[in-house]
Asker: 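Supplied in structure tokens, the structure appears directly below.
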Amino acid sequence: MRIKFLSIIASLFMVSFVITSCFGDDNDIEYSPDATIHAFELDTIYGINYKFTIDQQKGEIYNEDSLPVHADTIIDRILIKTLTTASGIITMKNKDDQDSIIIMDGNQVMDSMDLRKPVTLKVYAPNYQQTKTYTINVRVHKYDPDSLSWNYMGEIDNTITGEQKAVILGDDILNYTILNKKLNVFWRQFGSKSSWTSALVEGDIFNNTLPTSILSYDGKLYATSSINDGIVYESTNGTTWTASELFSNRTVSLLLAPLSSKITFIETINGKKYFNSTDEIKKAKITDEEQLQEVPKDFPIGNISYTTYSTATKREGIMLIGKYENQPTVGDSNTKTIVPWGYMGDIWVSFAPNNTTSCCPEIENPSIIYYNDQFYIFGDGFKSFYVSKSGLAWKKATKFSFPNYNWSASGVVLRPTINDPEFRGRKNYATVQDTKNEYIYILFGSETGITFSENIKVAGNNTLVDRGPYNHDSEVWRGRLNQLWFDLAKSPKQ
């Protein structure tokens, strides 16, 4: 950037003195003491004009809306389109730490400027007596707003190596698993990094296996057992369970999902399975199976994962996936897919994909969440999320992803760590959502010898490369969309 040395300013002072003297005492000209910047604007960034705020009191110029994460490659040499002052005389420090004049053409700075770091300007008033200093701070996102940031939230218990089922009760996360052939439950409050509390589940109603279905509703937990006795059990603490009177005289095979006013479930009547809800039980309107929707053969039979949401008209809905008796395929193809089922308060509807390009491929142990107004599916392997706006057409998410370790970053064979984690290849997990604070929690049991494959470019060609093996202890991770962090930072403090 071309800048002229401050000696010019001394010349300007001298010229001003000479001109004033020539006019005489009766013709003195009073020059303005205004040393403020009136307007500031940068050149476009990715075709967008970003608005800058001038804080006259603090002497700061900044953009409230941060620039995109990679904009530093643009603002390392960018033009200041508008820099308006009363005199047009502005200086900054040069590389030798000397004050130098910025060359202007009207209100535009003639040369580009590096604004990757804060830059300090000094503005001279037309009378050259008053000055004011400003710091230009161009804010750039450090993280992509459309990606997830993951934080390690400590371990649970390194003896956990098998399947888990997690559920929320109040402000606590409860995680069920089998240890020493006994059903155990671990719990800890949301957001805490303290040790998990654990206990044996009392009694033998679950036959020392994980509940076949479990959910939280109205301050209680409800679950079904592998004993397959048709009884729904309830608990207020997660360890002591009793038969629920809410489902008395019902043969319930599977709990599906809760809404604000009811629990949806599957019950058996005369050897057939039907959809029902606690709301209909209370109304005592549904007594004949002919009035109920029969469960189709392609509906999930277990390992239920559900998510609830509200439409723009505030209507509640459920989207659900699980384990199928026969894994669905797309149309006449052999492509195996996950088929979600939706419920809007009346009937259950299949969201079967229209073609292979819009389906969510088969994933072992899948989970579904509703997050940031979209549906996401993920599961064993943790290679990627699949995303859908409506639940019908799915695609692989790009920026919305899990932590991936860079296995080719060094010639030395290294392994993932807590500070540089890897999720791909993992299997033993459970997940819950903290919908109030917009967090996604993933709970991992301990695993050893994890391997996976990934496509990388080798000599310009896509090559499938095996990665691993690596190990990890039991871990709890919490993820949140970066944009939500930014929105919270802007919101008024409570």
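Basis for what follows: all heavy atoms, side chains included, without hydrogens, waters or symmetry-related copies. The shown structure was predicted, so the numbers you read here are calculated from the model rather than taken from an experiment. In what follows, residues are counted from 1 in the order of the sequence shown.
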Asker: With side chain to side chain contact (heavy atoms under 4.5 Å, CB included) as the criterion, how do F444 and F423 come out once you've worked through the C-alpha distance, each side chain's angles and the decisive distance to 0.1 Å?
Answerer: CA-CA 10 Å; F444 290 107; F423 280 14; 3.8 Å; yes
Asker: What class does the angle between the rings of Y470 and W407 fall in, given that below 30° is parallel, 30 to 60° is tilted and above 60° is perpendicular?
Answerer: tilted
Asker: Only one of L292, L254, I266 forms a side chain to side chain contact (heavy atoms under 4.5 Å, CB included) with K273, so which one is it?
Answerer: I266
Asker: Please examine the side chains of L320 and L256, heavy atoms only from C-beta on, and report whether any two atoms are closer than 4.5 Å.
Answerer: yes
Asker: Go through the side-chain N and O atoms of N276 and E267 and say whether any donor and acceptor fall under 3.5 Å apart.
Answerer: yes
Asker: What's the verdict on salt bridge (charged side-chain N to carboxylate O under 4.0 Å, His left out) for E438 and R478, showing C-alpha distance, side-chain angles and the deciding distance?
Answerer: CA-CA 10 Å; E438 303 289 356; R478 187 175 73 174; over 6 Å; no
Asker: Tell me, yes or no, whether the heavy-atom count around K81 atom NZ, taken from other residues, nucleotides or ligands under 6.0 Å, exceeds 12.
Answerer: yes
Asker: Is there a donor-acceptor contact under 3.5 Å linking the side chains of S261 and D279?
Answerer: no
Asker: Side-chain contact test, heavy atoms from C-beta onward, threshold under 4.5 Å: evaluate it for L443 versus I156 and give yes or no.
Answerer: yes
Asker: Could you check whether W477 and Y441 have their ring centres less than 6.0 Å apart?
Answerer: no
Asker: For residues T240 and E202, is any side-chain donor paired with an opposing acceptor at under 3.5 Å?
Answerer: yes
Asker: Pairing donors with acceptors under 3.5 angstrom, does anything connect the side chains of T224 and T212?
Answerer: yes
Asker: Does any donor atom in the side chain of Y376 or Q374 lie under 3.5 Å from an acceptor atom in the other side chain?
Answerer: yes
Asker: Does the plane of the ring in W394 sit parallel, tilted or perpendicular to the ring in F375? Use 30° and 60° as the thresholds.
Answerer: tilted
Asker: Are there over 12 heavy-atom neighbours, none belonging to D420, within less than 6.0 Å of that residue's CG?
Answerer: yes
Asker: Can we say R315 and D346 salt-bridge, meaning some charged N sits less than 4.0 Å from an Asp/Glu carboxylate O?
Answerer: yes
Asker: Do L392 and N354 come within less than 4.5 Å of each other through their side chains, counting heavy atoms only?
Answerer: yes
Asker: Quick check: are there more than 12 heavy atoms from other residues, nucleotides or ligands sitting under 6.0 Å from CZ of R77?
Answerer: no
Asker: Under a 3.5 Å threshold, yes or no: a donor from one side chain and an acceptor from the other, between D229 and Y233?
Answerer: yes
Asker: With ring centroids as reference points, do F265 and F247 lie under 6.0 angstrom apart?
Answerer: yes
Asker: Using 30° and 60° as the class limits, which term best fits the ring planes of W241 and F206: parallel, tilted or perpendicular?
Answerer: perpendicular
Asker: Looking only at side-chain N and O atoms, does T329 offer a donor or acceptor that is under 3.5 Å from a partner on T335?
Answerer: no
Asker: Between the side chains of N365 and N303, does any donor sit under 3.5 Å from an acceptor?
Answerer: yes
Asker: How about S474 and D157: does a side-chain donor come under 3.5 Å of a side-chain acceptor?
Answerer: no
Asker: Is there a donor-acceptor contact under 3.5 Å linking the side chains of N175 and T177?
Answerer: no
Asker: Does one side chain, of S260 or E316, offer a donor that lies under 3.5 Å from an acceptor on the other?
Answerer: yes
Asker: Kindly say whether the aromatic ring centers of F190 and Y439 come within a distance under 6.0 Å.
Answerer: no
Asker: Of Y309, W348, F275, which meets ring-ring contact (aromatic ring centres under 6.0 Å, His included) against Y343?
Answerer: W348
Asker: Between Y306 and T264, is any pair of side-chain heavy atoms under 4.5 Å apart?
Answerer: no
Asker: Tell me yes or no: between the side chains of S453 and D466, is some donor less than 3.5 Å from an acceptor?
Answerer: yes
Asker: Can you tell me how far the CD1 atom of I80 sits from the CG atom of L42, to the nearest 0.5 Å?
Answerer: 6.0 Å
Asker: Could you measure the distance from the CG atom of D380 to the OH atom of Y429? Nearest 0.5 Å is fine.
Answerer: 6.0 Å
Asker: Which of these passes side chain to side chain contact (heavy atoms under 4.5 Å, CB included) with L221: V185, I168, V167, L215?
Answerer: V167
Asker: With no hydrogens and no angle check, just 3.5 Å: does a side-chain donor-acceptor pair link D473 and S446?
Answerer: no
Asker: What distance separates R188 CZ from D171 CG, expressed to the nearest 0.5 Å?
Answerer: 13.5 Å
Asker: Can a donor-acceptor pair be found between the side chains of S235 and N237 at a distance below 3.5 Å?
Answerer: yes
